[in-house]
Amino acid sequence: MKKFLLIIIACFSFQFGSYAVEGMWIPSLIDMFHSDMETYGINLSAEEIYSTNQASLKDAIVQFNGGCTAELVSDKGLLLTNHHCGFSAIQSHSSLENDYLQHGFWSKNHSEELPCTGMRVTFVKEIRDVTEAIMVGDADGINDRIKAMEGENTKGSLLAKIKSFNQGNQYYMLITEDFNDIRLVGAPPSAIGKFGGDTDNWLWPRHTGDFSVFRIYADSKNESAQYSADNVPYKPIKSLPISLKPKNVGDFAMVYGFPGSTFQHTASGKLDFYMNEERPARIEMRQKIIDLMSPAMNANDQIRIQYASKQARIANAWKKWIGQIGGLKETHAMDKKKGFEEEYMAKAAEKTEWKTKYFGVINELNELQKENAKYEFARSLFIEYFYVGPEFMNYALSFANLANNYEKLEAEGTLQEELDNLMRKQKGFFKNYNKALDQDIFNALTPLYLSYVDADLLPENLANTWQRNGYKIYEKSMLLNQEKLEASLTKFSKKTVKKILKDPAYLYALTLYRAYAAKVAPGYGAYAEKEEDLMKRYVEGKLAMFPKRKIWADANSTLRIAYGKVDGSSPRDGMQYNHYTTIDGIMQKYDPENPDFQLTARFIDLYKKSDWGDYAQDDELWVCFTASNHTTGGNSGSPMIDADGNLMGINFDRSWESTMSDFMFDESRCRNIAVDIRYVLWVIDKYGGASHLIEEMKFVK
Ligand code: ARG
Ligand code: GLU
């Protein structure tokens with residue numbers, strides 16, 4: 001009998017794909033989903049997960065610099081997040097002499113920790129449902145009511161922000177507190193923190209040690225403060241103990257963090273537009289940029305450092321979109337969408353009240369999409385061209401205020417301030433700018449942009465201007481000549497203004513921007529507003545007509561909980577993904593010829609020694625593992641928490657087959673990827689030699 005049971009257990013443990021839970025849940029509604037979490041194995045009470053009365057998990061989690069997530073792991077304000085989340089901070093402290101991207105960085109004591117100018121972390125103090133107060137009364141008054149309530153609740157260092165959930169059917173107020181003195185404490189070299197690079201990005205099996213270490217500083221009263229040399233490590237209300245326990249398939253796992261955006265309610269018309277028009281064009285634009293940027297970076301160390309962060313950002317979305325379209329096609333997402341839309345309409349036909357309100361809404365959405373696709377398309381490509389492509393445009397336009405308003409600035413006495421701003425701006429710009437590369441990108445992208453966007457939505461004669469005068473931008477622009485620009489800003493006079501107004505880079509950017517504002521923005525704006533109204537009604541219908549379905553609110557950069565289990569997957573017929581990878585896989589992938597798969601001599605040495613300390617499981621050092629948590633961009637750096645509230649890993653990615661989950665979650669294939677906390681500790685301890693950091697943390701064995 002015992003043997004029989006063991007066989008059954010063994011069979012189940014290889015049966016991947018039966019554990020996934022769709023959804024990113026609002027922590028303050030914990031009572032709604034806590035019992036379900038219990039069936040997945042959580043041992044914590046609702047209060048221990050989210051509470052406004054006592055310290056709870058939420059107090060150990062911060063939004064990291066507006067985009068990612070990070071977690072507190074010591075009572076001295078020590079923070080863990082991803083390497084790619086700390087990337088621009090690591091990069092900004094790097095130079096050819098102190099190349100922390102290449103060699104890593106480990107501070108030996110507090111005084112060596114590096115202040116990160118402009119960086120902030122955000123704690124969530126409370127999430128309050130204010131739907132009734134906001135929605136009662138006329139719809140036109142909503143914005144005023146939001147403003148008033150935010151004003152009343154913003155006090156001292158606490159900021160109140162009201163956000164719409166479920167497409168405007170619900171409103172929640174988030175009371176948050178920012179800390180602004182954040183310092184870089186440690187980072188592995190890219191050969192660990194970005195091992196696998198863009199080749200492995202969004203893929204499983206994965207071997208990236210994607211983590212970095214920061215610290216929050218506070219004033220002497222332990223309160224939020226701007227940077228000061230006198231600040232001291234912050235003592236948090238709560239920090240996460242770290243689990244050194246073995247992990248197994250089926251173990252409870254939750255991700256607690258700040259997912260950015262998801263699009264589960266997208267109507268079929270728009271999904272079709274994304275899959276077949278908009279995303280393919282954006283992918284092609286980015287492909288051109290990457291094809292120029294990557295070889296330039298590999299050939300030149302300075303360019304490598306200058307463009308590392310930009311390239312990673314551009315390539316990240318580019319690759320995700322390719323994965324999303326592939327996954328949506330493979331799983332017949334369009335058919336499923338259309339199937340649900342029919343079900344929705346059939347349901348709406350059941351009651352007169354529903355029929356008047358909801359029956360037509362899908363057709364209206366899909367019609368609207370057809371009419372306005374060209375505006376949305378032009379807008380998306382404008383973003384790719386103006387903000388993602390050649391960098392001079394967005395930069396040149398930042399001189400518009402000085403050029404157009406200098407008399408006013410002078411009268412107001414703020415002229416010098418503006419000049420100082422621009423001086424700072426240009427310094428930052430040139431630190432990471434290579435003109436020749438920018439020109440190549442400009443020349444490659446412009447014809448593509450011209451071929452894609454309807455001529456009536458572009459500046460008149462753009463093709464001509466580009467062909468005749470494009471080169472002048474790079475040869476003649478004062479804004480792109482740092483020496484001349486600095487001289488001109490330092491000895492500012494009316495002449496400077498005249499020069500800017502005639503500057504070829506400025507003029508090109510201005511023409512483009514004006515054409516967008518006149519020809520695309522109004523059409524798009526009108527459409528977006530109508531779409532918002534229709535989407536509100538559509539989702540209202542879902543909530544009203546399908547009350548038994550657990551509908552979760554799309555991610556909107558607010559704190560959420562996703563729960564599931566440690567799990568592998570079998571994403572395609574005949575294929576099975578194991579749920580973890582080990583350090584042996586790093587050695588297998590090691591390729592000195594390939595910039596994405598380099599290792600340092602120190603790493604290879606340590607590998608040969610096989611000294612895994614307390615960090616191994618059955619003599620293997622795990623590197624990454626997967627779980628069935630529903631996550632998205634913004635969840636990077638989020639703690640992966642076990643059934644008892646201990647940190648088991650840091651979330652950083654999804655597998656290729658999961659990227660579609662922003663539009664449609666599929667439980668058989670969607671898995672998130674975390675770096676195992678034991679690998680993080682091994683790197684800090686054995687590789688970085690930073691055992692003083694390990695000593696700050698609390699462990700559970
Ligand atoms: N795909 C992950 C995320 O969306 C990691 C990105 C950073 N890594 C990279 N190779 N670009 O952010
Ligand atoms: N790497 C993503 C981020 O930066 C998380 C992965 C995902 O999109 O799920 O937030």
Side-chain angles (χ1 to χ4, degrees), residues 20 22-24 61-71 81-91 101 187-188 190-204 206-212 255-263 286 289-290 293-294 297 304 307-324 327 554-557 559-560 562 564 589 594-598 624 626-640 649-663 665-666 669-675:
E22 175 177 345
M24 304 174 183
I61 297 159
V62 290
Q63 189 171 40
F64 185 78
N65 216 16
C68 285
T69 306
E71 52 277 2
T81 186
N82 291 143
H83 184 261
H84 78 264
C85 296
F87 202 77
S88 44
I90 305 166
Q91 186 220 1
L101 288 177
S190 295
I192 293 175
K194 209 187 165 185
F195 184 78
D198 285 328
T199 314
D200 270 8
N201 193 21
W202 299 112
L203 294 182
W204 185 257
R206 191 60 159 279
H207 297 86
T208 314
D210 198 343
F211 79 93
S212 56
V255 171
Y256 207 159
F258 293 85
S261 337
T262 51
F263 316 95
R286 286 189 184 216
I289 303 175
I290 295 164
M293 223 179 244
S294 301
M297 288 167 68
R304 175 179 57 76
Y307 281 77
S309 196
K310 292 182 252 196
Q311 196 271 356
R313 199 172 52 239
I314 293 168
N316 193 41
W318 161 81
K319 195 165 176 186
K320 177 176 69 180
W321 293 337
I322 298 172
Q324 276 174 345
D554 264 326
N556 59 357
S557 292
L559 189 60
R560 301 293 180 96
K589 283 181 178 173
N594 185 338
D596 282 349
F597 296 98
Q598 314 249 332
C624 296
T626 57
S628 58
N629 295 301
H630 192 180
T631 53
T632 190
N635 268 130
S636 272
S638 298
M640 188 89 120
I650 310 172
N651 184 72
F652 73 97
D653 211 1
R654 279 171 286 169
S655 64
W656 186 244
E657 292 80 7
S658 318
T659 47
M660 58 176 278
S661 69
D662 292 346
F663 290 94
F665 187 80
D666 182 310
R669 51 195 277 155
C670 292
R671 297 293 177 270
N672 58 316
I673 305 177
V675 52

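This is a predicted model, so every value here is computed, not measured. Position 1 is the first residue of the sequence, and the numbers go up from there. Counting convention: from 1, in listed order, for ligands and their atoms alike.
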Within the 4.0 Å heavy-atom sphere of ligand 1, strictly under, residues: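 Those residues closer than 4.0 Å to ligand 1 by some heavy atom are H84, K194, G197, D198, N201, W202, A312, N316, S636, F652, D653.
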Taking side chain as C-beta onward, heavy atoms only, is [X] less than 4.5 Å from [Y]?
| X | Y | value |
| --- | --- | --- |
| T208 | H84 | no |
| T69 | Y256 | no |
| I192 | H83 | no |

Determine whether a donor-acceptor pair (N or O, by modelled atom type, separation under 3.5 Å) exists between the side chain of [X] and the backbone of [Y].
| X | Y | answer |
| --- | --- | --- |
| N82 | N651 | yes |
| D210 | F652 | no |
| E71 | I61 | no |
| N672 | N629 | yes |

Would you tabulate the polar-atom pairs, meaning N/O of ligand 2 against N/O of the protein, with distances under 3.5 Å, reported to 0.1 Å?
unit_1: ligand 2; atom_1: 1 (N); unit_2: H84; atom_2: NE2; d: 3.4
unit_1: ligand 2; atom_1: 1 (N); unit_2: S636; atom_2: OG; d: 2.7
unit_1: ligand 2; atom_1: 1 (N); unit_2: F652; atom_2: O; d: 2.8
unit_1: ligand 2; atom_1: 4 (O); unit_2: H84; atom_2: NE2; d: 2.9
unit_1: ligand 2; atom_1: 4 (O); unit_2: S636; atom_2: OG; d: 2.5
unit_1: ligand 2; atom_1: 8 (O); unit_2: G633; atom_2: N; d: 2.9
unit_1: ligand 2; atom_1: 8 (O); unit_2: R654; atom_2: NE; d: 3.4
unit_1: ligand 2; atom_1: 8 (O); unit_2: R654; atom_2: NH2; d: 2.9
unit_1: ligand 2; atom_1: 9 (O); unit_2: R654; atom_2: NE; d: 2.6
unit_1: ligand 2; atom_1: 10 (O); unit_2: G634; atom_2: N; d: 2.5
unit_1: ligand 2; atom_1: 10 (O); unit_2: S636; atom_2: N; d: 3.0
unit_1: ligand 2; atom_1: 10 (O); unit_2: S636; atom_2: OG; d: 2.7

Whether F597 and F195 hold their rings parallel, tilted or perpendicular, with breakpoints at 30° and 60°: perpendicular
Nearest heavy atoms of G257 and S638, plus distance in Å: CA-OG, 3.5 Å
